[in-house]
Amino acid sequence: MGEAPDWLALLAIHTERFGDIVRDAEVDAPVPSCPGWSLRDLVVHLGGVHQWAAHAVLDGNPHLRPEPPAGTGRHELTTWYRRHASHLVEVLTSTAADAPAWTLDDRHPTAAFWRRRQVHETVMHVWDADHALGQRRPIDPPLAWDGVLEVRDVIYPRQVRLGRVQPLARSVHLVATDVSGDAVLGDGEVVVLQGGAEVLLRLLWHRADLGVHVSDPHARTLLSGAITP
């Protein structure tokens, strides 16, 4: 993405955007990219993740049972979400980037990890909400590409480490067509996949149709597994 992004500014922007969506949406609307979920479920999930991340920074461990919203209506959900999103932004703003924190990656046990991770978490769920409501707002390509790199460096290795997925039988060489970037997941014989950064990101997070975007059957098989949660 060139120079380091202002993750705190991005987090404030995208959490505000998610709150605006909830404020104006029908919270019973289904979320196709999260099968079985309504928009209400998506709000509760993201607000809970924000609480969890703030706790990981402040308390240094992942052991938190998030506070649920007091009600299930649009107003209650919006108020609850904005409160926890604001708290997360405040925690990450007031905590030094190099302050110790529990994270998903033992190599990067600092608060800075959560600045980036929570931006990508929020951006993807903003996309989920937009998609559920029939809106088609793109993800910024450089930001999407950084999300691809996060999957390569953090998310996929963690899935393997936790035994949620076997190491890829072949390596997938991801080549972005709208930004300067390429990334390789896995080892072994190479399968090349080209596409826009957003499409590649959504493929990795199971939010794009493999049959539409991936012609190589080996690549489809590789990407169909639990590379991401």
Side-chain angles (χ1 to χ4, degrees), residues 1-7 10-11 13-14 17-18 21 30-35 37 42 45-46 49 104-105 115-161 164-229:
M1 292 178 67
E3 64 181 54
D6 186 340
W7 293 116
L10 287 171
L11 184 60
I13 288 168
H14 290 288
R17 183 173 168 189
F18 188 83
I21 293 172
V31 181
S33 52
C34 301
W37 279 16
L42 187 66
H45 166 76
L46 186 56
V49 170
L104 306 180
D105 186 351
R115 296 180 179 186
R116 180 194 192 199
R117 172 84 284 276
Q118 286 298 283
V119 168
H120 287 307
E121 179 85 10
T122 306
V123 166
M124 187 55 65
H125 289 320
V126 166
W127 185 90
D128 288 329
D130 279 340
H131 182 63
L133 300 173
Q135 301 173 6
R136 294 293 185 270
R137 290 187 283 194
I139 300 173
D140 177 59
L143 182 59
W145 182 249
D146 187 82
V148 171
L149 298 180
E150 185 199 38
V151 172
R152 180 196 66 184
D153 297 335
V154 178
I155 306 300
Y156 165 67
R158 183 171 188 265
Q159 290 291 93
V160 173
R161 188 169 67 250
R164 294 174 176 174
V165 65
Q166 291 298 310
L168 293 175
R170 301 186 182 193
S171 60
V172 182
H173 185 191
L174 302 164
V175 181
T177 56
D178 52 355
V179 297
S180 177
D182 66 292
V184 177
L185 274 72
D187 299 303
E189 185 179 347
V190 176
V191 176
V192 178
L193 178 60
Q194 293 184 317
E198 178 187 325
V199 171
L200 295 176
L201 177 66
R202 291 197 284 109
L203 284 168
L204 293 176
W205 283 97
H206 310 294
R207 284 167 168 81
D209 190 329
L210 288 168
V212 171
H213 296 288
V214 183
S215 59
D216 188 308
H218 296 298
R220 286 201 297 270
T221 299
L222 293 169
L223 294 177
S224 65
I227 291 172
T228 57

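Residues take their numbers from the sequence shown, with the count starting at 1. Values in this document were obtained by computation on a predicted structure and should not be read as measured data.
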Using the rule salt bridge (charged side-chain N to carboxylate O under 4.0 Å, His left out), only one of D153, D105, D146 pairs with R116; which is it? D146
With a 6.0 Å cut-off (strictly less than), is the heavy-atom count around CG of D182, excluding the residue itself, greater than 12? yes
Non-hydrogen side-chain atoms of [X] and [Y] separated by less than 4.5 Å:
{"X": "H14", "Y": "L143", "result": "yes"}
{"X": "R158", "Y": "R164", "result": "yes"}
{"X": "L203", "Y": "L193", "result": "yes"}

Which heavy atom of [X] sits nearest to which heavy atom of [Y], and what is that distance?
{"X": "T177", "Y": "G196", "result": "OG1-N, 3.3 Å"}
{"X": "A129", "Y": "L42", "result": "N-CD2, 3.9 Å"}
{"X": "L222", "Y": "A169", "result": "CD2-N, 4.0 Å"}
{"X": "V199", "Y": "A208", "result": "O-CB, 4.4 Å"}
{"X": "A219", "Y": "V191", "result": "CB-CG1, 3.5 Å"}
{"X": "L185", "Y": "R152", "result": "CD1-CB, 3.9 Å"}

Derivation of the side-chain contact (heavy atoms from CB on, under 4.5 Å) call for R207 and C34: CA-CA 9 Å; R207 284 167 168 81; C34 301; 3.5 Å; yes
Not counting sequence neighbours, which residues clear ring pair (Phe, Tyr, Trp, His ring centres under 6.0 Å) with H213? List them please.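 Scan of H213 (ring pair (Phe, Tyr, Trp, His ring centres under 6.0 Å), adjacent residues dropped) gives none.
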Side-chain H-bond candidate by donor/acceptor type, D128 with H131, under 3.5 Å: no
Nearest-0.5 Å distance, [atom1] of residue [X] to [atom2] of residue [Y]:
{"X": "I139", "Y": "M124", "atom1": "CD1", "atom2": "CE", "answer": "4.5 Å"}
{"X": "L174", "Y": "L223", "atom1": "CG", "atom2": "CG", "answer": "7.0 Å"}
{"X": "E121", "Y": "L46", "atom1": "CD", "atom2": "CG", "answer": "6.0 Å"}
{"X": "D6", "Y": "R115", "atom1": "CG", "atom2": "CZ", "answer": "8.5 Å"}

Does [X] use its side chain to pair, donor to acceptor, with the backbone of [Y] at less than 3.5 Å?
{"X": "E198", "Y": "A144", "value": "no"}
{"X": "T228", "Y": "L204", "value": "yes"}
{"X": "Q159", "Y": "A226", "value": "yes"}
{"X": "D216", "Y": "V192", "value": "no"}

Of all residues at least two apart in sequence or in a different chain, which pass the salt bridge (charged side-chain N to carboxylate O under 4.0 Å, His left out) check with R17?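 Applying salt bridge (charged side-chain N to carboxylate O under 4.0 Å, His left out) to R17 gives D130.
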Listed partners of R170 passing salt bridge (charged side-chain N to carboxylate O under 4.0 Å, His left out), at least two apart: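 Only E189 meet the salt bridge (charged side-chain N to carboxylate O under 4.0 Å, His left out) criterion with R170.
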Relative to the ring of H45, is the ring of W37 parallel (under 30°), tilted (30 to 60°) or perpendicular (over 60°)? tilted
Identified ring pair (Phe, Tyr, Trp, His ring centres under 6.0 Å) partner of H120 from the options W205, W127, W7, W145: W7
